[in-house]
Each structure stands twice: as structure tokens, then as C-alpha cells.
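Position 1 is the first residue of the sequence, and the numbers go up from there.
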Amino acid sequence: MRTIRISQKIPASLDALWVACATPSGIAGWQADKVTGSVETGETLGLGWPDLGVSIRLDVLELLERRTVVFGHGDSRVRFEVKEGEVELSHSAPFEDDEEIGTESSWRLALGTLAHYLDRYAGHERETVWL
């Protein structure tokens with residue numbers, strides 16, 4: 001197993017970061033086009049991109065209110081730790097070398113998207129168009 005660790009400063013409150021990382025409506029604002037299910041320990045969350053024909057089911061493995069949420073899929077684990085003005089992400093999986101580099105790059109882009117969402121669009125329903 002290898003672990004990617006990224007700490008991202010985001011000028012947002014702890015509450016705003018928590019909602020964005022640990023609620024279906026928040027996750028739908030910046031991560032997936034459609035989010036179903038519940039973010040509760042032992043529950044399953046579905047992330048979907050219907051226009052692309054892609055979806056994934058994530059198990060909610062751990063939830064510490066307003067602090068940490070851990071999602072799992074197979075051998076992969078993604079942990080979000082939120083603090084005032086910051087998100088710490090770790091993603092553990094059996095990555096190959098090039099896969100680890102690409103996944104880290106994708107997470108850096110996703111966390112930048114999260115920052116933009118919280119700065120400009122928090123609380124608004126996201127609309128996407130895939131060409």
C-alpha cells in the first residue's frame with residue numbers, strides 16, 4: 001500500500017469545509033455530478049457522472065463529526081480531515097508508480113475545485129455539461 005498525502009489551505013470555515021467533504025449535497029457541489037446515499041458510518045455513498053456512464057460506490061468507514069470522514073472502495077481508502085481553513089487528504093491504495101503520480105495530480109486538481117466551489121458557489125446546485 002502507498003499513501004498520497006495532501007494538505008490544502010482553503011479560505012473557508014470549518015463548517016463549510018465539513019459540509020463540502022462529508023455531506024451528499026456538499027460533495028455534489030464539487031466532486032460528482034450526482035451523489036446518492038448517506039454519509040454515516042456503515043452506509044454507502046454513490047458518486048455518479050451519468051452523462052459519462054460512470055459511477056462508483058463508496059463505503060463510509062469512519063465519521064468523526066466536523067473532523068474526519070473516511071471512504072473506502074476495495075483496497076482504497078480516502079480520508080478527509082477538515083480544520084478551519086484547511087483540508088488534509090490522504091489516499092491509500094496499492095498504486096503502481098505512474099498511477100500514484102496521476103492520482104495525486106487528480107486530487108490536487110479536485111481540491112482546487114473544492115476551493116473554487118466554496119469561494120464562488122457554495123450552497124448552489126451544480127450544473128454540468130459534458131461535451
Side-chain angles (χ1 to χ4, degrees):
M1 290 290 263
R2 296 182 182 186
T3 301
I4 296 164
R5 289 183 177 80
I6 302 169
S7 180
Q8 176 75 41
K9 299 286 187 194
I10 298 176
S13 70
L14 171 67
D15 289 336
L17 288 166
W18 180 254
V19 167
C21 293
T23 68
S25 62
I27 294 167
W30 66 279
Q31 185 58 274
D33 294 346
K34 183 176 181 181
V35 179
T36 59
S38 175
V39 182
E40 298 291 334
T41 303
E43 295 294 325
T44 300
L45 191 69
L47 304 183
W49 297 264
D51 290 348
L52 301 175
V54 177
S55 65
I56 186 170
R57 309 274 314 152
L58 303 174
D59 298 318
V60 182
L61 302 176
E62 182 181 340
L63 183 73
L64 299 173
E65 190 67 31
R66 298 184 68 226
R67 189 169 156 203
T68 304
V69 61
V70 180
F71 299 105
H73 180 77
D75 291 335
S76 183
R77 302 287 180 268
V78 175
R79 171 186 296 273
F80 291 95
E81 291 189 41
V82 297
K83 303 174 182 178
E84 188 73 26
E86 183 177 13
V87 172
E88 293 181 0
L89 174 137
S90 62
H91 185 168
S92 299
F95 296 117
E96 299 290 331
D97 290 340
D98 60 339
E99 182 183 22
E100 181 179 7
I101 293 166
T103 301
E104 181 175 348
S105 178
S106 293
W107 275 122
R108 289 189 184 281
L109 180 61
L111 292 174
T113 301
L114 169 60
H116 180 69
Y117 162 72
L118 288 171
D119 181 50
R120 301 289 303 266
Y121 302 104
H124 295 88
E125 189 171 327
R126 186 172 131 224
E127 296 181 33
T128 57
V129 176
W130 292 94
L131 302 175

Chemist: Please check if Val39 and Leu61 belong to a single hydrophobic cluster, counting links between Ile, Leu, Val, Met, Phe, Trp and Tyr side chain heavy atoms closer than 4.5 Å.
Modeler: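 No: no chain of side-chain contacts under 4.5 Å links Val39 to Leu61.
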Chemist: Do Glu86 and Ser7 have a side chain donor and acceptor closer than 3.5 Å?
Modeler: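 Their side chains do contain a donor-acceptor pair, which is all the 3.5 Å distance test asks for.
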Chemist: Under 4.5 Å between side-chain heavy atoms, counting indirect links through other Ile/Leu/Val/Met/Phe/Trp/Tyr residues: same cluster for Leu14 and Val87 or not?
Modeler: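 Yes, one cluster joins them.
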Chemist: To the nearest 0.5 Å, what is the distance between CE (Met1) and CZ (Phe95)?
Modeler: 8.0 Å
Chemist: Any side chain to side chain donor-acceptor pair (under 3.5 Å) involving residues 35-54? Give me the pairs, sequence neighbours left out, ordered by first then second residue.
Modeler: none
Chemist: Ser106 side chain to Gly102 main-chain N or O, any donor-acceptor pair under 3.5 Å?
Modeler: yes
Chemist: Search all heavy atoms of Leu47 against all heavy atoms of Ala32 and return the closest pair with its distance.
Modeler: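 Heavy-atom minimum between the residues: CB-CB, 3.8 Å.
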Chemist: Above 12 or not: heavy atoms from other molecules or residues under 6.0 Å from CZ of Arg57?
Modeler: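 Above 12, so yes.
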Chemist: Is the backbone N or O of Glu99 less than 3.5 Å from a side-chain atom of Thr103, with the two atoms forming a donor-acceptor pair by type?
Modeler: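 Yes, because the side chain of Thr103 sits within donor-acceptor range (under 3.5 Å) of the backbone of Glu99.
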Chemist: Decide yes or no for Trp30 and Tyr121: does some side-chain heavy atom of the first lie under 4.5 Å from some side-chain heavy atom of the second?
Modeler: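 Not in contact.
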Chemist: Starting at CD of Glu81, measure out to CH2 of Trp18 and round the result to the nearest 0.5 Å.
Modeler: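 Output value for this atom pair is 10.0 Å.
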Chemist: Let me confirm one number: the CD-OG1 distance from Glu100 to Thr3, rounded to the nearest 0.5 Å.
Modeler: 8.5 Å
Chemist: Looking at every non-hydrogen atom in both residues, tell me the closest pair between Gly37 and Pro24 and how far apart they are.
Modeler: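 Looking at all heavy atoms of both residues, the closest pair is O-CG, 3.6 Å.
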Chemist: Side chains of Pro11 and Asp119, heavy atoms from C-beta outward: is any pair under 4.5 Å?
Modeler: no
Chemist: Hey, what do you get for CH2 (Trp107) to CG (Leu114), rounding to the nearest 0.5 Å?
Modeler: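 Separation between the atoms: 10.0 Å.
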Chemist: Are Val78 and Val69 joined in one hydrophobic group, where the rule is that I, L, V, M, F, W and Y side chains link up if heavy atoms are under 4.5 Å apart?
Modeler: yes
Chemist: Are Pro94 and Arg2 side-chain neighbours, meaning at least one heavy-atom pair lies under 4.5 Å?
Modeler: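 The answer is no; the side chains never approach within 4.5 Å.
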Chemist: Hey, could you give me the CG/OG distance between Leu118 and Ser13, rounded to the nearest 0.5 Å?
Modeler: 8.0 Å
Chemist: Is there a path of hydrophobic side-chain contacts, each under 4.5 Å between heavy atoms of I/L/V/M/F/W/Y residues, joining Tyr117 to Val19?
Modeler: no
Chemist: Does Phe71 form a side chain to side chain contact (heavy atoms under 4.5 Å, CB included) with Val60? I'd like the steps, not just the answer.
Modeler: CA-CA 5 Å; Phe71 299 105; Val60 182; 4.0 Å; yes
Chemist: Any idea which heavy atoms bring Gln31 and Ala110 closest together, and the distance?
Modeler: NE2-CB, 4.2 Å
Chemist: Are Leu58 and Val82 connected in the hydrophobic side-chain network, where two residues link if heavy atoms are under 4.5 Å apart?
Modeler: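 Same hydrophobic cluster.
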Chemist: Under the side-chain hydrogen bond (donor to acceptor under 3.5 Å, both in side chains) rule, collect the residues that match up with Glu96, sequence neighbours excluded.
Modeler: none
Chemist: With sequence neighbours left out, what residues match Lys34 under side-chain hydrogen bond (donor to acceptor under 3.5 Å, both in side chains)?
Modeler: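 Lys34 satisfies side-chain hydrogen bond (donor to acceptor under 3.5 Å, both in side chains) with no residue once adjacent residues are dropped.
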Chemist: What's the separation between atom CZ in Arg79 and atom OG in Ser90, rounded to the nearest 0.5 Å?
Modeler: 5.5 Å
Chemist: Determine, stepwise, if the pair Ile6 / Arg108 fulfils side chain to side chain contact (heavy atoms under 4.5 Å, CB included).
Modeler: CA-CA 8 Å; Ile6 302 169; Arg108 289 189 184 281; 3.6 Å; yes
